[in-house]
Amino acid sequence: MNKTLLLLFLFLVSQADAQDLNSFTKLKSAGPIPDFFVKFLDDKIAADNELLKNDNSISNKNAEDFSALTNYNLQQLIQGGKVLYGDPLTVYANGVLDKLKEASDKDLDYVQLFTLKSNEVNAFATHQGVIFITVGLIGQLENEAQLAFVLAHELTHVIEKHNQLSYQHTQDLVKRSRYGDQAISSYYKYSKDNEEEADKAGFKLALKAGYKAESLNKTFTVLLYSYLPIDEQVLDFSFLENEHFSIPDRYKIKEQLIHTISAEEDIDDEFHTHPNIKSRRQNIDDILRANQMDNQSKVYLYGSEESFIELRTLARFEMMNIFIRGADYVKGLYHSLIMRKAHPENDFLLNSQSMVWYGLSAFENRSDGTPYSLSYRKHEGEIQHLYYFLNKLSRNEISTLATQQVWQNSLTHPENTFLKSLRIAVLRDFVSFDKNELRSFGATPPEQVDSAEVADNTPEKELSKYEKIARKRKANDSEESLYYSLLNIINEKDFILAVDEAKDKLAAQKKRDEEVQVENWKPKKSSMDVPSLIMTTPNFYIQDNRKSAKSNVKKNDLNETNLVNLVKENADKLDIKLNFVDNFRDPGFTTENYNEFSQLYDYIGERSQFEGLDFIPYNAQYMNSLTKKYNSKYVGLIGIYTEIERRPFNAGYALLSAVVFYAFPVYLKWQLTVDKTTDYGFFILNLDTHNPAFSSTKYFNADMNIHLQNAHIYNSLNQIRKK
């Protein structure tokens with residue numbers, strides 16, 4: 001079976017699994033794990049160095065550092081769990097890439113393509129011939145031709161060796177001028193020249209492959225507005241309202257505050273790496289005009305319009321996972337509202353939208369800082385209405401609406417186990433407000449309530465100054481606005497019982513907090529006994545400005561290997577069974593293992609956004625299979641970060657020491673001193689409670705040699721194993 005047919009077969013198989021979007025959870029990698037993923041870093045660098053020896057686009061001196069840095073960064077990206085292979089998005093994009101390869105007169109068999117789990121609309125290529133496209137890019141594109149142009153652009157970067165040339169140019173600038181103003185301008189100009197070349201050559205390559213010129217040209221429009229959500233839909237508040245409750249106008253943005261979409265093609269791009277869209281269009285104008293009458297060209301060569309739309313829908317579903325992992329809740333909420341219009345009963349969208357409300361409530365009520373902003377002034381288009389609305393809500397109102405949304409969804413889908421667990425968790429913030437007694441919310445329709453209790457009809461002219469102020473403040477008191485928001489669930493027996501239980505739990509928690517002095521959320525001593533521990537590969541990173549990039553990279557890789565061995569040896573001494581889920585060095589490492597660790601990293605990444613909070617991550621629902629497989633509910637994380645810095649030469653101090661001769665020894669000692677700092681961290685996360693179970697952190701004014709590493713690792717493991 002040839003490569004194209006194999007890719008098509010894999011695509012059809014994966015599409016068959018993905019047709020039922022109601023069973024969607026998240027995109028996963030499929031097929032054999034790429035050799036590039038598991039190849040040792042030293043081997044990758046050595047092979048790269050051999051190729052760069054005959055590459056006149058970069059000097060031999062710079063080539064070794066360039067090779068070490070790019071391969072190390074690429075390895076870190078792959079081992080971060082965010083790269084997909086063999087999934088429907090990657091398979092389809094590789095099919096399009098093959099069409100471009102066939103049209104090129106270059107040998108491009110070595111070029112590989114993978115998908116990155118990111119909502120940024122982007123694509124990039126490395127000099128090794130690895131192209132990455134993002135989920136967000138697929139989610140925004142309109143057709144296959146646009147994807148082909150993006151890939152042809154990146155393919156040109158590889159063919160023309162733009163990465164090597166840019167690195168060489170940057171090093172030359174550093175050497176000549178230490179980044180003076182002129183040097184910076186020169187860098188941007190050089191970068192723009194590369195981008196213009198990639199546009200022109202990429203456009204020609206896509207045309208040669210058989211793609212329609214007009215469709216290719218519209219890619220620029222997609223890129224111009226790519227910072228906006230996938231659609232411009234008017235915010236419909238009906239999903240929050242019921243027959244007796246509607247959102248007051250004061251929560252809706254006024255016309256004069258709305259920011260119109262400001263994206264312009266002709267922006268000043270002097271200090272941008274890419275030319276503006278107007279310049280990019282002009283660069284291909286001649287090519288475009290010459291090919292507009294070509295009736296043989298097509299929009300779809302690899303797939304069809306139907307298969308591409310299905311693919312884009314799949315990407316847009318995955319975008320919800322990415323929004324949640326990064327706690328980007330407001331964009332996630334708007335995205336889910338758009339998606340649920342087309343898929344109103346989809347379980348995945350129902351769960352993820354409910355999770356967004358729970359996350360908003362938890363962050364707004366229990367966190368000192370948030371990874372998102374509710375500022376409506378920074379946004380344009382229809383999503384600004386949502387930002388304004390959430391910005392105007394009080395913390396209590398957000399907790400109330402979160403409760404309403406989660407419980408409403410759960411009660412209408414009683415078989416949904418995820419929503420059942422979430423509806424208990426969301427009450428944690430709702431009951432924390434004393435005023436949220438159930439009798440404070442309308443239990444009867446408004447027409448049955450005495451109007452005198454809810455309104456003051458005294459004419460304005462009969463009120464004193466202070467009574468007018470009081471009325472105005474009462475009108476702006478947002479709590480009354482939600483009086484009937486819970487009307488559809490307020491009398492549900494399950495809801496009433498759950499509220500009472502949540503109050504009892506909160507009271508018990510407060511009592512424990514008063515009795516036990518806990519610094520932040522980290523326990524001081526461990527009473528754990530952990531015979532089996534799920535482990536991620538320890539992270540060792542050293543930055544020594546006395547050494548070359550190549551030297552630092554090699555030292556990091558070697559120390560990480562040594563650190564893994566130290567952890568294993570000390571675990572054996574303490575009779576702790578370790579289960580490394582991301583051991584790329586294991587010859588038996590498979591795609592199943594890769595998906596497993598990728599899922600764990602999504603969970604850890606999401607949970608890390610909530611430091612200090614008692615919080616249930618969305619990805620917690622996928623952890624049961626992991627705990628059963630390894631017979632452990634604990635996951636261990638180790639990190640060692642060392643910075644070694646030689647003090648920069650100070651001409652003023654040197655001159656002063658030369659004039660005041662007795663100061664010279666003091667200056668010399670200061671100048672030759674090397675600053676060394678190290679951070680050590682060992683953390684245990686409980687996969688049942690989703691809270692930290694143990695932590696040990698140390699800070700040293702020194703680098704951490706292997707003996708010191710060994711001592712601290714043993715000490716940390718010893719504290720979690722009571723024999």
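We use all heavy atoms of the structure for the numbers below, so side chains are in, but hydrogens, waters and symmetry mates are not. Starting from 1, each residue takes its place in the sequence as its number.
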Scan Ile616, Asn691, Leu687, Val635 and name whichever one has a side chain to side chain contact (heavy atoms under 4.5 Å, CB included) with Arg607. Asn691
Trace of the side chain to side chain donor-acceptor pair (under 3.5 Å) decision for Gln79 with Asp582: CA-CA 8 Å; Gln79 294 182 2; Asp582 58 348; over 6 Å; no
Closest approach of Val564 and Pro538, non-hydrogen atoms and distance? CG2-CD, 3.7 Å
Measuring from Ser399:OG to Arg428:CZ, what's the distance to the nearest 0.5 Å? 11.0 Å
Measure from the side-chain N and O atoms of Tyr603 to the backbone N and O of Tyr622, and report whether any donor-acceptor pair falls under 3.5 Å. no
Any heavy-atom pair between the side chains of Ser118 and Lys82 that's under 4.5 Å? no
Aromatic Phe36 / basic Lys44 pairing, under 6.0 angstrom, 45° off normal: yes
With rounding to the nearest 0.5 angstrom, report the CD1 to NE2 distance, Ile322 to His335. 9.0 Å
Ignoring hydrogens and geometry, is there a side-chain-to-backbone donor-acceptor pair from Thr70 to Phe66 under 3.5 Å? yes
On a heavy-atom basis, the closest approach of Ala549 and Asp65 is N-OD1, 3.5 Å
Would you say the side chains of Glu318 and Asn321 form a donor-acceptor pair under 3.5 Å? yes
When rounded to the nearest 0.5 angstrom, what distance separates CZ in Phe615 from CZ in Phe363? 7.0 Å
Between Arg721 and Asp575, does at least one N-O distance fall below 4.0 Å, as a salt bridge requires? yes
Pairs satisfying ring pair (Phe, Tyr, Trp, His ring centres under 6.0 Å), at least one member in residues 527-578, at least two apart: none
Taking all heavy atoms of Ala315 and all of Val135, pick out the closest pair and write down the distance. O-CG1, 3.3 Å
State, to 0.1 Å, how close Leu390 and Leu360 come at their nearest heavy-atom pair, and which atoms those are. CD1-CD1, 4.3 Å
Which atom pair, heavy atoms only, marks the closest approach of Asn416 to Leu350? ND2-CD2, 4.2 Å
Run the numbers on Tyr680 and Tyr641 for ring pair (Phe, Tyr, Trp, His ring centres under 6.0 Å), then give the verdict. CA-CA 7 Å; Tyr680 166 83; Tyr641 307 94; over 10 Å; no
Between Glu606 and Arg325, is the closest basic N to carboxylate O distance under 4.0 Å? no
State plainly whether the residues Arg585 and Asp557 are in salt-bridge range, i.e. N to O under 4.0 Å. yes
Presence of salt bridge, Arg366 and Asp429, under 4.0 angstrom: yes
Cation over ring face, Lys568 and Phe580, 6.0 Å, 45°: yes
